[in-house]
Amino acid sequence: MNKTRSIVVASLLAGVGLMSCNSGNMRRNPGKIYTPDMTYSRAYDAYTKNPNFADGQTSRVPITGAIAVGHDLPDHLMEGDTTAYKSFNTSYRFNEAELKEGGRLYMIYCGICHGGELDGNGPLYNGGNGKFPAAPANFKDGKYLAMSNGTMYAAVKYGKNLMGSYASQLNVKQRWQVIAYIRKIQSENGGSPFTMVGNTMIVKDSSGAKVTLTADTIIMANH
Ligand code: HEC
């Protein structure tokens with residue numbers, strides 16, 4: 001018992017002793033620096049003065065036209081230029097996994113209005129009884145089967161009437177992935193043959209028959 005007590009007392013004393021090292025004064029000295037190269041960066045920090053540039057700033061604005069690694073070239077499609085929309089297209093071709101991802105993104109961003117079945121009757125619209133006041137496009141309808149890829153892309157980039165833009169949620173590749181998914185489902189429902197495919201892929205034609213497509217056998221349908 002005594003032994004335990006003396007251990008407790010000793011550790012309390014040690015604690016107090018350690019605390020007293022600071023002796024109540026504010027410590028303004030950072031202590032010894034053993035690795036100055038690591039403590040003080042030899043490179044210019046982002047917000048420090050930089051004598052190498054005329055404006056004295058270290059942070060530089062990217063060169064005009066620079067594109068971040070992994071990003072697509074800008075598409076130059078102007079809002080409202082429906083003539084340009086019609087002929088606009090992509091050279092992206094997707095494999096099974098990328099197309100599946102397109103379907104996943106569709107279900108996240110589009111399905112709520114356009115419907116999981118792409119019939120324009122998602123839960124938000126719900127045959128006119130839902131919260132969304134305007135009828136979303138029914139992608140199985142002839143008008144949208146015949147719509148060009150570029151017009152679809154423009155709808156995603158800029159929105160269309162009550163539909164908002166999805167440009168901030170989906171990057172360029174993802175927008176095309178979603179469109180590819182819509183195109184594939186459309187091709188199984190009377191639309192043109194599905195062409196946005198890169199690797200071998202089995203798709204259904206409009207009669208429901210399975211067709212194997214490879215990069216060589218793809219007919220460039222004029223979407
Ligand atoms: C909040 C509901 C809503 C969401 C979410 C939504 N849309 Fe729409 N979309 C609409 C409505 C409503 C229209 C019909 C606009 C019109 O013609 O007035 C439409 C029209 C379209 C059209 C036809 C454009 C045209 O020129 O006629 C396309 C293509 C389209 N949407 C694609 C998408 C895609 C792809 C997504 C997902 C990234 C998406 N939409 C998400 C509501 C939505």
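Order of listing sets the numbers, starting from 1, for every ligand and every atom in it.
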Which atoms of ligand 1 have any heavy atom of V156 under 4.0 Å away?
35 (C)

Can you list the ligand 1 atoms lying under 4.0 Å from a non-hydrogen atom of V178?
35 (C)

Which ligand 1 atoms, with their elements, are less than 4.0 angstrom from a heavy-atom of F139?
28 (C), 29 (C), 30 (C), 32 (C)

Suppose I only count heavy atoms of M152 and a 4.0 Å limit; which atoms of ligand 1 are within that range?
29 (C)

Using the ring centroid of each side chain, check whether Y106 and Y181 are separated by less than 6.0 Å.
yes

Out of K160, M163, R175, whose heavy atom sits nearest atom 15 (C) of ligand 1?
K160

Using the six-membered ring of Y166, assess whether NZ or CZ of R175 lies under 6.0 Å from its centre and within 45 degrees of the ring axis.
no

If every non-hydrogen atom of L99 is compared with every non-hydrogen atom of A180, which pair is closest and at what distance?
CD1-CB, 3.6 Å

Given the rule in the side chain to side chain donor-acceptor pair (under 3.5 Å) test, do D72 and Y92 qualify, once you have shown the distances and angles that lead to the verdict?
CA-CA 11 Å; D72 291 83; Y92 266 126; 2.6 Å; yes

Step-by-step side chain to side chain donor-acceptor pair (under 3.5 Å) determination, N50 to N52:
CA-CA 5 Å; N50 192 319; N52 298 306; 3.0 Å; yes

heavy-atom search around atom 37 (C) of ligand 1 in the protein gives C110 SG, 1.8 Å

Is it the side chain, the backbone, both or neither of F132 that has a heavy atom closer than 4.0 Å to ligand 1?
side chain

Give the atom numbers and elements of ligand 1 that come within less than 4.0 Å of a heavy atom of T151.
26 (O)

Please state which part of L170 comes within less than 4.0 Å of ligand 1, counting heavy atoms only: side chain, backbone, both or neither.
side chain

Between OG1 on residue T58 and NZ on residue K49, distance to nearest 0.5 Å
10.0 Å

Students should be able to answer this: which protein heavy-atom is nearest to atom 8 (Fe) of ligand 1, and at what distance?
H114 NE2, 1.9 Å

Looking at E98 and K173, is any side-chain nitrogen of the basic one under 4.0 Å from a carboxylate oxygen of the acidic one?
yes

Once you measure the plane-to-plane angle for F88 and Y153, does it fall in the parallel (<30°), tilted (30-60°) or perpendicular (>60°) bin?
tilted

Output yes when the distance from some N or O of ligand 1 to some N or O of N161 is under 3.5 Å, and no in every other case.
yes

Numbered in order shown, the ligand 1 atoms found under 4.0 Å of a heavy atom of M147 are 25 (C), 26 (O), 27 (O)

Would you say that more than 12 heavy atoms from the other residues, nucleotides or ligands in this model lie under 6.0 Å from the CD of Q169, or not?
yes

for atom 5 (C) of ligand 1, nearest protein heavy atom and its distance come out as Y166 OH, 2.8 Å

Hey, are E188 and K184 close enough for a salt bridge, meaning a charged N less than 4.0 Å from a carboxylate O?
yes

Considering C113, P136, G122, G111, which one's heavy-atom position lies nearest to atom 3 (C) of ligand 1?
C113

List every atom of ligand 1 that sits less than 4.0 Å from any heavy atom of Y144, numbering the atoms from 1 in the order shown and giving each element.
23 (C), 27 (O)

Nearest-option assignment for atom 24 (C) of ligand 1, heavy atoms, candidates A135, P133, A155, G164
A155

Would you call D55 and R60 a salt bridge, using N to O less than 4.0 angstrom?
yes

Taking 4.0 angstrom as the limit and counting only heavy atoms of Y109, give me the atoms of ligand 1 inside it, by number and element.
5 (C), 37 (C), 38 (C), 41 (C)

